[in-house]
Amino acid sequence: MEILYKSTRSDSTPITASRAILKGLAADGGLFVPTAIPKLDVSLKELSDMSYQETAYRVMRLFLTDFTEEELRTCIDRAYDDKFDTKEIAPLKEVNNAFYLELFHGATIAFKDMALSILPHLLTTSAKKNGVKNEIVILTATSGDTGKAALAGFADVKGTKIIVFYPKNGVSPIQEKQMVTQKGDNTHVVGIHGNFDDTQTGVKKIFSDKALAKEMEEKGFQFSSANSINIGRLVPQVVYYVYAYANLLRQGKIKEGETINVVVPTGNFGNILAAYYAKNMGLPIGKLICASNDNKVLFDFFESGVYDRNREFFLTSSPSMDILISSNLERLIYKIAGEDHDKNAALMEALSQKGVYEITSDMRDKLTDFAGGYASEEQCFAIIRKVYEETGYVMDTHTAVAASVYEDYKKNSKDETKTVIASTASPYKFTRSVMKAISEKYDAMGDFELVDELSRISKTPVPNAIEEIRTAAVLHDTVCEKEEMESVVKKFLGV
């Protein structure tokens, strides 16, 4: 079955997967969604015998139907190779009666590697398929992890340039060091005076500027996105939920067809949306538990049906979730609105103009797959310390949000369904917060002293991604106001 992609905001003609990947964002500002969510066409038992790469092929070919088998397998093989420090790519660790799906074994030690390792290959293949001669300029807003993963994925990829914007004081020291030391003649990194929502809004504004697009076209450039709004980011994320289920089945932890729950720490909603797509493909997932930090706009939405970004913004120890505009939620809103693009567009306009919208009771009735929860800073630190003291397992601050929310969910619901927790970053990426959670005595240590101490107490090797930046030179030092983003882009491109 051919799957095409349509915008969430208009009835424009659906386009192929490769064209949707190239565009990133629809011309009307909407996000691309598949005309149908395909069903898995291999049994769960068959999947349990497959490698990560084979699972990726079996899932992604159902969505990317205009890619040939050779094209897709080549993209997968180039993405999921020895850049990952384990052959499993996404291993499961059983800790305290939950299964932690470790999504941080790639080049930049965060879950964004799972999709951003393959996106450059999908994008350059899409360009060839569609006869694109322009240089592709990747514009990306990051709350910390996407930026480095995108930079690493696109560095020195022929026919591309990448510009990453991040909130100057809104990422961890390790995250910032990873980005500003990035090598590659085609890479640019810019700190913004503002928060992540400011950077994300600025990038979307550049994408929707038709006059700028025309000017870029005349100079031989075209914009595309590496953010989770790109369908080429979302589809690869579906894979690891299918793989996690198959892994549990292979290990004999569940029976074929047995339902599992999934807990995902989320700010932009893309990671949990991928799990929702996996469920719609036929994967036996019960509850999708959406875990928020103190910026609990998603928790409040699931509780009330009101999405309201007009609230205090908190800088937390889980900065990749410090987000008040969850872009990927739009794909879910479109679905529960009965795929009514006018209704969805009106809600997104309300969000843009007033910062708030409310869904109907009919739409709320379609959210029964989801449960929401949130964890305070104190709860996150407490669960990191508790799990470490009980088991020796050390988790990062984002995973801690999920672990804390899961504890509350289980206590309140009495739901004992076997549960996968998406572990979205290595503790080495947020060493200071993690070590402080374990003991106040670590507060006086330097960043890299803490790295070595974490390695000692967790009995895990320091990841290569951290070793690389110990002595790396800063190569990017541009900082600007949010109003200057377009002019910075033009300057980098010589336009």
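Looking only at atom types and distance, the side chain of Thr391 has no donor-acceptor partner in the side chain of Asn96 under 3.5 Å away. Of the N and O atoms on the side chains of Thr316 and Asn293, at least one donor lies less than 3.5 Å from an acceptor on the other residue. A donor atom on one side chain and an acceptor atom on the other are found under 3.5 Å apart for Thr399 and Ser423. At a cut-off of 3.5 Å, with distance as the only test, a side-chain donor of Gln200 or Asn268 sits close to an acceptor on the other residue. Side chains of Thr478 and Lys491: no donor on one and acceptor on the other come within 3.5 Å. Between the side chains of Asn295 and Asp322, at least one donor N or O lies within less than 3.5 Å of an accepting N or O. Under 3.5 Å, the side chains of Thr142 and Thr140 contain no donor-acceptor pair of N or O atoms. In the model, Glu54 has no side-chain atom that pairs as donor or acceptor with a side-chain atom of Ser51 under 3.5 Å. In this model, no donor atom of one side chain and acceptor atom of the other lie less than 3.5 Å apart for Tyr409 and Thr419. Arg233 and Asn230 share no side-chain donor-acceptor pair at under 3.5 Å. Checking Asn271 against Thr266 by side-chain atom types alone, no donor-acceptor pair falls below 3.5 Å.
Classified by interplanar angle (parallel below 30°, tilted 30° to 60°, perpendicular above 60°), the ring pair Phe302/Phe370 is parallel.
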- Evaluate the criterion salt bridge (Lys or Arg N to Asp or Glu O under 4.0 Å) for residue pair Glu481 and Lys168; output intermediate values, then yes/no. CA-CA 10 Å; Glu481 302 302 323; Lys168 177 62 184 155; over 6 Å; no
- Message: Lys441 vs Glu453, test: salt bridge (Lys or Arg N to Asp or Glu O under 4.0 Å). Steps then yes/no.
- Response: CA-CA 12 Å; Lys441 72 182 182 185; Glu453 182 65 7; 5.6 Å; no
- Does the salt bridge (Lys or Arg N to Asp or Glu O under 4.0 Å) test come out yes or no for Lys410 and Glu407, once each step is laid out? CA-CA 5 Å; Lys410 206 157 69 159; Glu407 273 208 345; over 6 Å; no
- Item | salt bridge (Lys or Arg N to Asp or Glu O under 4.0 Å) between Lys429 and Asp145, worked out | CA-CA 9 Å; Lys429 201 150 195 172; Asp145 286 338; 3.2 Å; yes
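Among residues at least two apart or in separate chains, ring pair (Phe, Tyr, Trp, His ring centres under 6.0 Å) pairs with a member in residues 76-95 are Tyr52-Tyr80, Tyr80-Phe84.
No more than 12 heavy-atom neighbours from other residues, nucleotides or ligands sit within 6.0 angstrom of CG on Asn97. Counting heavy atoms of neighbouring residues, nucleotides and ligands inside a 6.0 Å radius, atom CZ of Arg470 exceeds 12 of them. By the 6.0 Å contact criterion, CG on Asp185 is open, its count of non-hydrogen atoms from other residues, nucleotides or ligands being 12 or less.
For the pair Glu94 and Lys253, the salt-bridge criterion is met [side-chain N within less than 4.0 Å of a carboxylate O].
The six-membered or imidazole ring of Tyr240 lies away from that of Phe111, with a centre-to-centre distance of 6.0 Å or more. With ring centers used as reference points, Tyr374 lies under 6.0 Å from Phe299.
A heavy-atom distance below 4.5 Å is found between the side chains of Val180 and Tyr166. Using a 4.5 Å cut-off on side-chain heavy atoms (C-beta onward), Met114 and Ile89 make contact.
The cationic group of Lys418 does not satisfy the cation-pi geometry with Phe99, failing either the under 6.0 Å distance to the six-membered ring centre or the 45° limit from the ring axis.
To the nearest 0.5 angstrom, Ile206 atom CD1 is 8.0 Å from Ile163 atom CD1.
What you find for Ser317 and Phe430 is that their closest heavy atoms are O-CD2, 4.3 Å. The heavy-atom pair separating Ile323 from Ser143 by the smallest distance is CD1-OG, 4.0 Å.
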